[in-house]
**Q** 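This structure is in structure tokens; I'll ask about it shortly.
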Amino acid sequence: MLIKIAKSWEIPEIEATPEHLFLNRRALLAGAGAIGGALALPSLAAAEDPSAGLYPAKRNEAYKLDRAVTPEKVNANYNNFYEFGMSKNIVDGAAALKTRPWSVKIDGLCNAPQEIAIDDLIKRMQIEERLYRHRCVEAWSMSIPWTGFPLSKIVALADPKPEAKYLRFETFKDPKVAPGQRQVWYPWPYAEGVTVEEAKNDLAFMVTGAYGKPLLNQFGAPIRLALPWKYGFKSIKSIVRISFVAEQPKSYWEQLQSSEYGFWANVNPKVPHPRWSQATEEVIGTGNRVPTQLYNGYAEQVAGLYKDMPQDRALFF
Ligand code: MTE
């Protein structure tokens with residue numbers, strides 16, 4: 001069991017959670033029935049997943065880590081998935097999400113709009129494993145063996161029109177299975193966005209599996225994003241729709257609190273969050289705190305995306 005003993009340098013959850021969300025936490029937990037959930041790897045047995053035979057996928061050795069992979073048991077019991085509760089322990093709640101049948105709609109300003117069943121998509125894209133760092137805006141981090149395919153393959157499949165400047169992603173919306181979505185004053189469904197250029201960067205990864213098997217529900221099954229140079233909230237889970245759009249999309253967090261959670265959200269240890277420092281991060285499961293790196297250590301791959309932009313706080317929030 002992951003027992004978190006607060007150290008003097010740790011951020012109490014109340015400081016790392018937007019206040020209005022924190023104040024509603026109790027109501028949400030009550031609604032979710034999520035109090036005291038069990039520590040477990042999830043109910044959806046990976047073997048039942050129709051794509052299970054494609055795992056483990058070959059590792060792409062170009063993506064290496066400077067630290068140990070976070071143990072699966074630790075990662076699988078420490079998740080942000082607000083559709084299922086405000087705590088990190090959403091594993092039981094997320095088990096209710098049915099991930100088959102599931103399809104992803106690709107639409108908007110593109111020449112090949114389509115809706116693809118998840119298993120057809122996974123078979124069509126050659127999946128590979130990559131070791132990525134994951135840095136949450138709450139100043140903690142993990143390291144994960146994700147399996148999936150580059151987001152650039154979705155861009156190629158959709159064939160965007162020249163007017164398309166951004167991709168907008170949307171999570172499922174089903175308040176019957178996701179108690180958090182019964183809180184109607186939040187801007188559900190969860191949404192996120194990137195520029196077309198960011199989407200074409202090789203690091204941007206559509207994730208369908210982790211730890212050598214299909215994604216567990218709490219990780220955002222059956223398909224999520226991983227943008228390791230950005231704060232974790234950009235890495236949207238359980239995606240049902242990807243739209244090519246001309247205007248910068250407003251994300252879920254931007255709608256809630258734009259002064260704290262902006263569109264770009266690139267990791268920068270020198271730009272503090274308005275309520276806490278981003279200089280260091282707690283490496284979950286280790287008890288260690290380490291310095292945070294610019295672009296979460298991926299500057300070489302992504303800094304060029306932003307070289308002509310004002311390097312002000314907005315780029316990092
Ligand atoms: N996507 C959806 N749909 N709902 C969420 O609550 N949380 C985000 C992101 N994607 C979230 C989401 C946040 S704040 C983080 S840090 C990561 O997912 C957490 O991913 P993990 O649980 O795999 O660590």
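Ligands are counted one by one from 1 in listed order, and the atoms in each one are counted from 1 as well. When a residue number appears, it is its place in the shown sequence, counting from 1.
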**Q** State the atoms of ligand 1, each with its element, that fall below the 4.0 Å cut-off from a heavy-atom position in Gly232.
**A**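 Heavy-atom distances to Gly232 below 4.0 Å select 8 (C), 9 (C), 13 (C), 15 (C), 16 (S), 17 (C), 18 (O).
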**Q** Ignoring hydrogens and angles, state whether a donor on the side chain of Ser51 or Asp49 is under 3.5 Å from an acceptor on the partner side chain.
**A**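 Yes, because at least one side-chain N or O of Ser51 sits under 3.5 Å from a partner of the opposite role on Asp49.
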**Q** Whether the Lys88 and Asn79 side chains hold a donor-acceptor pair (N or O, under 3.5 Å, no angle test) is what I'd like checked.
**A**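 No donor-acceptor contact under 3.5 Å links the two side chains.
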**Q** Looking only at heavy atoms, is any part of Trp140 under 4.0 Å from ligand 1, and if so is it the side chain, the backbone, or both, or is it neither?
**A** side chain
**Q** So which protein heavy atom does atom 8 (C) of ligand 1 come closest to, and at what separation?
**A** Tyr190 OH, 3.4 Å
**Q** Can you sort out the partners of Glu300 under side chain to side chain contact (heavy atoms under 4.5 Å, CB included), two or more places apart, ordered by chain and number?
**A** none
**Q** Verify whether one side chain among Tyr306 and Glu198 offers a donor that lies under 3.5 Å from an acceptor in the other.
**A**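 A donor-acceptor contact under 3.5 Å links the two side chains.
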**Q** What residue and heavy atom of the protein are closest to atom 21 (P) of ligand 1, and at what distance?
**A** Lys237 NZ, 3.5 Å
**Q** Just let me know how Phe81 lines up against ligand 1, side chain, backbone, both or neither, with a heavy-atom cut-off below 4.0 Å.
**A** both
**Q** Where does Arg224 meet ligand 1, judged by heavy-atom distances below 4.0 Å: at the side chain, the backbone, both, or neither?
**A** side chain
**Q** Does Tyr252 have its ring centroid less than 6.0 Å away from the ring centroid of Tyr82?
**A** no
**Q** Identify the closest protein heavy atom to atom 13 (C) of ligand 1: which residue and atom is it, and at what distance?
**A**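 For this ligand atom, the closest protein heavy atom is Phe233 CA, 3.6 Å.
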**Q** Using a plain distance cutoff, I'd like to know if Trp253 has any nitrogen or oxygen under 3.5 Å from a nitrogen or oxygen of ligand 1.
**A**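 In this structure, Trp253 places no N or O atom under 3.5 Å from an N or O of ligand 1.
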**Q** Look at ligand 1 and say whether Ser235 reaches it with a heavy atom at a distance under 4.0 Å.
**A**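 For ligand 1, residue contact (heavy atoms, under 4.0 Å) with Ser235 is present.
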**Q** Of the backbone atoms (N, CA, C, O) and the side-chain heavy atoms from C-beta on, which set of Met142 has a member under 4.0 Å from an atom of ligand 1: side chain, backbone, both, or neither?
**A** neither
**Q** Using a strict cut-off of 4.0 Å, indicate which atoms of ligand 1 neighbour a heavy atom of Thr171.
**A** 3 (N)
**Q** What atoms of ligand 1 come closer than 4.0 angstrom to any heavy atom of Cys136?
**A** 16 (S)
**Q** Can you tell which of His134, Glu170, Glu138 gets a heavy atom nearest to atom 19 (C) of ligand 1?
**A** His134
**Q** Which part of Asn80 is near ligand 1, with near meaning a heavy atom under 4.0 Å away: side chain, backbone, both or neither?
**A**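 Both backbone and side chain of Asn80 come within 4.0 Å of ligand 1.
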**Q** Please list, chain by chain and in numerical order, all residues satisfying ring pair (Phe, Tyr, Trp, His ring centres under 6.0 Å) with Trp140, sequence neighbours excluded.
**A**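 For Trp140, the residues satisfying ring pair (Phe, Tyr, Trp, His ring centres under 6.0 Å) (neighbours in sequence not counted) are Tyr78, His134.
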**Q** Glu83 to ligand 1: N or O pair under 3.5 Å?
**A**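 Yes, since at least one N or O of Glu83 sits under 3.5 Å from an N or O of ligand 1.
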